[in-house]
Amino acid sequence: MVNNKIEVKNFNCYYNHDHILKSLNINIIQNEILTIIGPANSGKTTFLKALNRMNDLNITYSYKGEIFLDKNSIFSMNMEKLRQRIGILFAIPLPLPMSIYENIVYAPKCLKIVNKKQDQDILVERSLKNAFLWNEVKDRLNLSAMKISGGQQQRLCIARTLAMNPEVILFDEPCSGLDHISTEKIETLMTELKYKYTILLVTNNVKQASRVGDKTAFFLNGELIEINQTDKFFISPKNKQTENYITGRYIIS
Amino acid sequence: MYYFGKNMRKILYIIIESIIFFCGILSIIFVILIFGFLFKESFVFLKNYNIVKFLFGRFWYPTLETALFGILPFICGSVLVSVGACIIAVPIGIMTALFISEVASKNIRNILKSLIELMAAIPSIVIGFIGMATIVPIVKNVFSIPTGLTAFTGSLMLAFMAIPTIVTISEDAIHSVPWQYREGALALGATKWQMMKIVILKIAMPGIMGAIMLGIGRVVGETMAVIMITGNAAHIPTSIFDPVRTLTATIATEMGETVKGGIHYKSLFAIGFVLFIITFIVNFIADIFLKKNKNL
Ligand SMILES: Nc1ncnc2c1ncn2[C@@H]1O[C@H](COP(=O)(O)OP(=O)(O)OP(=O)(O)O)[C@@H](O)[C@H]1O
Ligand SMILES: [Mg+2]
């Protein structure tokens, strides 16, 4: 049974008076990975940040239209609660300057989600295991998070997001700074995570989209040009611009 | 022509380098000289006077026939006034810094920053003078005590002097925390306040610690305002509403009356040496804190 986790209805948004996202209509299905591809400045990041209202931090931002999470408008929800339900990961992993252990429990502790030490231990172990990082760091949880590799830092940030127990996870080019081994680890991780979460992945890497996406969407200049099951999307794109982009013939107009 | 330019630049580099080196060495030499001088004078004093009696003696009668040089009252006075000032100044300073950099709008931020810089520029004698005319009678009346010249009043005044230092430097530290960290915390579902707690204080902590230490440095070394306001009573205080006398105040008030080279004169150097040690310890503790933060 397919279940629409997020429904975007005729959504428009603006920075100052620049129209960034134009009449978007997208359904994001629970426990699926939707990958979003598109050239630079096509509004991919803006779209992700619209979903958990990170854009709203910018005072020049405004929007029109509706976005529903589980049939409830995200604009009538408590913003903090929304961001706990829809977690986001950025291209550059930014662990806090403290130990691996602390990185994971710090926010849950501040937000009073866990208190007892043993609950914290459980949370750390579970989150790190879910982020496929446990085996690499289990003996040095007190090591500074600044001293692990970039790929490990990215997975640590994923673990940190998982520790907040979200429902949807937004990945914004999570592998852009990583080598192919770390990239592969994160891709495997995402395909595992989709059984528990709903995932959106923005990527500049068309191949990555074809590898991990259940569905793929192509954005261009703030418009959704095409969205389809990933295999159909890549085998028989309906739109000429999509075809040009995925075959590498895209020319910036 | 090209080679000439290259050589010129090389020479310029060497000159600049040696100037920087010279300045660096110079300040080190100054510190060593000051330390040596203090040490020498206090060493002579401590040869004539038992160090335990000096540090823990309760009476300071430098002009008596059998002179007593117990500085415990001054140590207590200094510690009491300084700790009091820190308790007042540190939270207020950090909150103000947070407010200026995180909450206030750009205009208010600029206004507040220049006001606080102005506050830092007020000479301490003027602060002492104003404090004597305003705070002292207020403290006297509010707490209905015989005199308003107390350790508490001194702490208030000193806090007022330390706050600008703490605010300006910690504001810089807070302001330079990259935006991405804030975004990361908010993305986890933190409110603005939690975000400050989660990231800003954590990441800006080395800078904030530095600010606090500089603030404490100002407080411990301050003399004029303290002389005017704390009452200058050379006895061990029993509460914060007692008049006290600090180490610095003792040196400043008595230096003029001593015979140069006499034991009283030398005892003041020994006090200076104790002050030196205290500031050294404060800096040392600060260093430990900063290192601890850096290692992470
Ligand atoms: N904070 C902002 N203020 C003003 N304009 C913005 C802001 N953020 C994004 N934009 C504009 O929105 C448009 C879309 O930007 P966005 O970052 O969403 O692109 P993107 O598809 O993520 O690009 P990239 O692949 O380079 O990450 C751009 O034209 C950009 O200039
Ligand atoms: Mg982007």
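All figures in this text were calculated on a predicted structure; none of them were measured in a lab. Note on naming: letters A, B, ... go to the chains in the order of the sequence lines (proteins, then strands), and numbering restarts at 1 for each one.
Here A/Tyr61 and A/Tyr14 keep their ring centres 6.0 angstrom or further from each other. A centroid separation of less than 6.0 Å is found between the aromatic rings of B/Phe152 and B/Phe143. Checked against the 6.0 Å centroid criterion, the rings of A/Phe75 and A/Tyr63 qualify as a close aromatic pair.
Within residues 155-193 of chain B, the residues having any heavy atom less than 4.5 Å from a heavy atom of chain A are, in residue-number order, B/Trp179, B/Gln180, B/Tyr181, B/Glu183, B/Gly184, B/Leu186, B/Ala187, B/Leu188, B/Gly189, B/Ala190, B/Thr191.
Within the 4.5 angstrom heavy-atom criterion, no atom of A/Pro93 approaches chain B. Contacts of A/Leu94 with chain B are made by both backbone and side-chain atoms, with heavy-atom separations under 4.5 Å. For A/Arg160, the parts lying under 4.5 angstrom from a heavy atom of chain B are both the backbone and the side chain. Interface remark: A/Lys109 contributes no atoms to any contact with chain B (heavy atom separation under 4.5 Å).
Counting only heavy atoms from C-beta outward, the side chains of A/Leu156 and A/Ile148 approach each other to under 4.5 Å. Contact of the B/Ile212 side chain with the B/Ile94 side chain is registered, since non-hydrogen atoms from C-beta on lie closer than 4.5 Å.
Between B/Phe276 and B/Phe35, the ring-plane angle classifies as tilted under the 30° and 60° cut-offs.
Salt bridge annotation for A/Lys5-A/Glu167: present, with a cationic side-chain nitrogen under 4.0 angstrom from a carboxylate oxygen.
A donor-acceptor contact under 3.5 angstrom links the side chains of B/Ser124 and B/Glu222, judged on distance only.
Note on A/Ala163, A/Gly87, A/Cys110, A/Cys157: by heavy-atom pairs under 4.5 Å with chain B, the leading option is A/Cys110.
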